[in-house]
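For this chain, numbers begin at 1 and follow the sequence in order. Both counts, for ligands and for their atoms, begin at 1 and track the order of listing. Quantities reported herein were computed from a predicted structural model and do not represent experimental measurements.
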Amino acid sequence: MRSAGLIERYRAWLPVDDATPVVTLGEGSTPLLRAPRLGARLGVDLWLKYEGMNPTGSFKDRGMTMALSKAAQDGAKAVICASTGNTSASAAAYSARAGIRCVVVIPGGKVALGKLAQAQVAGAVVVQIDGSFDDALRLVRIMSEEHPITLVNNLNPYRLEGQKTAAWEILDDLGHVPEWMCLPVGNGGNITAYWRGFREAHERGDCDRLPRMLGAQAEGSAAMVRGVDVERPETIATAIRIGAPVRREEAGAAARDSGGGFAAASDREILDWFGHAVRDEGVFCEPSSAASLAGLANARRDGLVPEGAEVVCVLTGHGLKDPDNAIAESAPPVTIPAERSALEAVVLGDGT
Ligand code: F0G
C-alpha cells in the first residue's frame with residue numbers, strides 16, 4: 001500500500017477527484033512504534049509516530065502530495081513557500097515530481113544542513129533572507145497574492161487536508177484513540193491537522209472519543225505557551241524557530257477544546273530527549289521533533305499529563321536532517337592505527 005501514497009489510501013475522504021493528477025512519492029503509512037524504555041523514563045505508555053520515514057524525511061510530505069496534486073490540477077506553473085527547512089525540502093521534491101518550478105525562501109544561516117541540501121539538489125530556487133521565518137512568510141504571501149504563483153505553506157488549505165491523514169493511520173494501527181497526542185508546534189498547522197483528522201473520524205463513527213492534544217514548543221519561540229508572539233525567536237530547534245504562528249487560533253482551539261494544552265522546553269532539555277530517543281529506542285529524529293518528548297516530560301512534571309497515560313508522540317522529522325547538532329551531541333569516533341592490537345584494545349575494553 002505504501003508506494004501508492006496517502007491520496008490513494010484515503011481518497012474517499014480527501015478533496016480530490018478523478019481528474020486530479022496524483023503527485024506522490026509514496027508518503028504516509030509511517031511506523032507507529034511502541035517505546036517501552038523511553039516510556040518508562042517519562043512514566044507513560046508511549047508510542048512514537050515516526051514521521052521521519054516519509055520520502056523527504058518529514059511529515060511535510062503528507063501536505064505536499066495534496067498541495068502539488070491540486071496545483072498541477074489547477075495548471076500552476078510555479079509554487080513558492082517560506083520555510084525553516086522541511087517544507088522547502090518537501091516542496092522542492094514534489095515540485096520536481098510534478099514538473100513545476102519551485103521557489104523557497106529561508107532564514108539565512110538557520111536551516112539545518114540536510115534540509116538545505118535537499119532543496120538545492122532538487123533544483124528549487126533557494127533564496128536566503130537576512131531575517132526570520134516570519135519575515136520570509138510575509139514576503140512569499142505578497143508574491144503569491146500579486147503573481148500567478150501558488151503558495152504551498154500551510155495557509156494552502158490542501159496542506160492540512162493531507163496532514164490530517166496521520167491521525168487516521170494512528171487509529172488504524174492502534175485500533176483506538178490514544179488518551180494523549182503530543183507534537184512539536186511551530187506555526188500550529190500540524191496540531192490543527194491532527195485534531196481535524198480525529199474529529200472527522202469521530203464524526204464518521206470510526207472512534208468513540210477524542211484525544212487530548214498537547215503542543216510542545218521551544219522556550220525561545222514559545223508563542224503559544226506565552227499567548228503572545230515572540231519578536232526574536234531563538235532556539236537550536238530551528239524547524240520550530242517561529243515567533244508568529246499563522247495557525248495560532250486553530251492550534252489554540254485544538255489544545256483547549258480537547259482538554260490538552262501547551263508545554264515549553266529549553267534547548268538543553270530538547271537535546272537531552274533527542275539523545276534519549278535514539279539511545280533508548282534507536283529512533284533518530286531531528287532535535288525539533290524531540291521537542292515533543294521534552295515538552296511531554298515537562299507536562300508530566302507539571303501534572304498536566306498523568307502517570308501511565310497512553311501517549312502518541314509525533315516525531316516529525318528524521319535525524320539525518322540535522323547532522324551538525326547530531327555530531328555535536330555525540331562522542332567522536334575512536335581513532336586508532338590500522339592495527340589488530342589497537343582495535344583489540346578498543347574492542348576488549350581497555351583502549352577507550
Ligand atoms: N517539526 C518539524 C520537524 C517541522 O519542520 C515543523 C515545521 C514542525 C514540527 C512544526 O509544525 O509549523 O505545523 O506547527 N516546519 C515548517 C517548515 C515551519 O518550514 O519546515 P507546524
Side-chain angles (χ1 to χ4, degrees), residues 30 49-54 56-64 67 80-93 104-107 110-112 114-116 118-119 124 126 132-137 140 151-156 159-160 162-164 166 181-196 213-218 221-225 233 235-252 254-255 262 265 270 274 277 284-295 313-322 325:
T30 55
K49 181 66 170 161
Y50 194 13
E51 287 288 277
M53 293 300 283
N54 278 298
T56 76
S58 86
F59 73 97
K60 302 290 179 177
D61 297 342
R62 293 182 184 275
M64 225 43 92
I80 193 165
C81 65
S83 182
T84 56
N86 282 322
T87 298
S88 65
S90 186
V104 306
V105 183
I106 58 174
K110 295 292 181 183
V111 170
K115 305 172 189 181
L116 196 56
Q118 286 177 289
V126 180
S132 67
F133 168 86
D134 307 288
D135 298 318
L137 186 64
V140 301
L151 186 72
V152 293
N153 280 105
N154 76 36
L155 288 161
N156 178 317
R159 279 276 311 275
L160 299 194
Q163 285 173 217
K164 73 184 178 186
M181 283 296 314
C182 179
L183 59 169
V185 169
N187 273 311
N190 212 27
I191 193 170
T192 301
Y194 272 81
W195 182 233
R196 187 186 297 177
M213 306 294 296
L214 176 66
Q217 298 206 286
S221 58
M224 296 303 302
V225 179
T235 169
I236 197 159
T238 51
I240 51 173
R241 186 175 169 272
I242 292 168
V246 291
R247 296 276 182 174
R248 174 187 280 288
E249 293 304 317
E250 290 147 290
F262 291 97
I270 289 171
F274 157 81
F284 188 28
C285 66
E286 61 174 291
S288 303
S289 303
S292 63
L293 297 167
C313 253
V314 184
L315 299 184
T316 44
H318 203 285
L320 292 172
K321 293 273 191 178
D322 191 354
N325 276 314

Kindly confirm or rule out an N or O of [X] lying under 3.5 angstrom from an N or O of ligand 1.
X      : answer
Gly186 : yes
Lys60  : yes
Thr87  : yes

Could you tell me, atom by atom, which parts of ligand 1 come under 4.0 Å of a heavy atom of [X]?
X      : answer
Ser83  : 17 (C), 19 (O), 20 (O)
Gly188 : 12 (O), 14 (O), 21 (P)
Glu286 : 3 (C)
Thr84  : 15 (N), 16 (C), 17 (C), 18 (C), 19 (O), 20 (O)
Asn86  : 2 (C), 3 (C), 4 (C), 5 (O), 20 (O)
Ile242 : 18 (C)
Val185 : 14 (O)
Ile240 : 8 (C), 9 (C), 10 (C)

Quiz item: Can you tell which of His318, Glu286, Lys60, Gln118 makes a side-chain hydrogen bond (donor to acceptor under 3.5 Å, both in side chains) with Asn86?
Solution: Glu286
Quiz item: With a 4.0 Å cut-off on heavy atoms, does Thr192 reach ligand 1?
Solution: no
Quiz item: Does Ser58 come within less than 4.0 angstrom of ligand 1, counting non-hydrogen atoms of the residue?
Solution: no
Self-check item: Within-4.5 Å side-chain heavy-atom neighbours: Val314 and Met181
Solution: yes
